[in-house]
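Here's the structure, in structure tokens; my notes come after.
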Amino acid sequence: MFGKKYYINTETLRYERVKLTRKQLYRYLGFFSFGLICLAILMRLGFERFYPTPKQIIYQQENVKLQSEYAALNVELQAVESYLADLRNRDDRFYRAILSLDPVAATIRGAGTGGALRDQHLRNLREPGMVLGVSERIDKITNKVKIQSSSLNDVLEEALTNQEFLACRPSINPISPADPFWLTSTYGYRNDPFTGKRTAHHGIDLAGPVGLDIHCSGAGKVVLAQMNRHGYGKEVVVDHGFGYTSRYAHLHDINVKKGQKVKRGEVLGTLGSTGRSTGPHLHYEIRKDDRAVNPFYFFFENLSSEEYTLLASRATNPEEAYQPLALSQK
Ligand SMILES: [Zn+2]
């Protein structure tokens with residue numbers, strides 16, 4: 001189009017060269033430049049496609065690496081979810097069940113996660129699916145961990161309350177199995193050894209030689225350590241809290257004072273025959289909310305002689321406040 005053009009001049013009858021006007025010249029130059037620019041762009045795109053720059057090569061490699069890292073992350077998240085599910089099961093079916101706590105409601109465990117704003121930000125990525133999937137999973141796991149943590153706090157609180165209860169509740173025989181003793185009277189109605197009349201016996205009688213150690217059956221505080229004028233003779237009464245008290249009567253000696261804190265296994269006094277007694281024996285009585293209950297229901301710990309001796313020796317050690325609990329878990 002830019003070749004030389006000629007025309008026949010009808011006056012001179014000769015070929016003469018066509019001269020372009022300035023306007024035509026600019027138009028041709030415009031078309032030419034536009035064509036050149038388009039060509040350059042196309043060449044550049046084609047070149048990049050088949051011959052990427054070093055920077056592009058690095059980006060492509062990083063992209064492949066990232067994709068494989070995200071895949072690995074997904075596998076790890078799956079493992080975390082499975083550990084968490086196991087923990088949730090044990091929490092509901094074991095820890096909470098033991099402590100009589102209801103399982104955490106399914107609606108609370110599956111509560112929403114939020115994070116909508118960040119999700120919106122991620123959705124603007126070129127390939128949001130991969131990142132969004134991992135992000136949502138992490139959100140759910142975080143939420144489940146928070147709920148699990150709060151549930152375990154409840155369990156801990158309940159267990160601590162129970163720990164105190166287990167340490168205090170009367171649960172051992174006041175006479176060691178290593179010592180000689182025998183049961184002479186059970187709980188309930190019996191013929192009174194003095195009057196012969198049928199009367200209620202509010203405890204059990206354990207006979208043995210005078211001077212046997214009498215041990216406290218659960219941690220608590222001595223509320224009476226006195227000579228009882230109404231037949232119990234020398235007696236010790238311990239308040240264990242939670243509504244429980246225990247009475248140790250007809251003692252020969254009293255080793256503790258009113259107001260003193262005592263532990264399970266601690267020696268309160270010795271077996272005797274003081275008060276209204278027909279022979280050396282211990283009258284052992286337990287009350288719950290001030291009503292007598294059968295002490296036989298409070299011999300939870302079937303301790304061997306060695307265990308009993310260990311418990312009694314530990315009871316006098318101020319550093320061993322909760323050792324009796326360790327034994328009670330056997
Ligand atoms: Zn009695």
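Both ligands and their constituent atoms are indexed starting at 1 by order of listing.
A donor-acceptor pair under 3.5 Å is absent between the side-chain atoms of Arg247 and the main chain of Tyr284, judged by distance alone.
Nearest N, O or S atom of His283 to the Zn ion (ligand 1): atom ND1. Atom OD1 is the N/O/S atom of Asp205 found closest to the Zn ion (ligand 1). His201 contributes NE2 as its N, O or S atom closest to the Zn ion (ligand 1).
In plain terms, the two heavy atoms of Glu11 and Asn9 that are nearest each other are N-OD1, 2.9 Å. In terms of heavy atoms, Ile214 sits closest to Thr270 at CG1-C, 3.8 Å.
For the Zn ion (ligand 1), the set of nearby N, O or S atoms under 2.8 Å includes none belonging to His250. Counting backbone and side-chain atoms alike, Glu285 contributes no N/O/S atom closer than 2.8 Å to the Zn ion (ligand 1).
Contacts classified as salt bridge (charged side-chain N to carboxylate O under 4.0 Å, His left out) and involving residues 187-205 (residues at least two apart or in different chains) are given here: Arg190-Asp205, Asp192-Arg276.
His215 and Ser176 share no donor-acceptor pair across their side chains, judged by distance under 3.5 Å alone.
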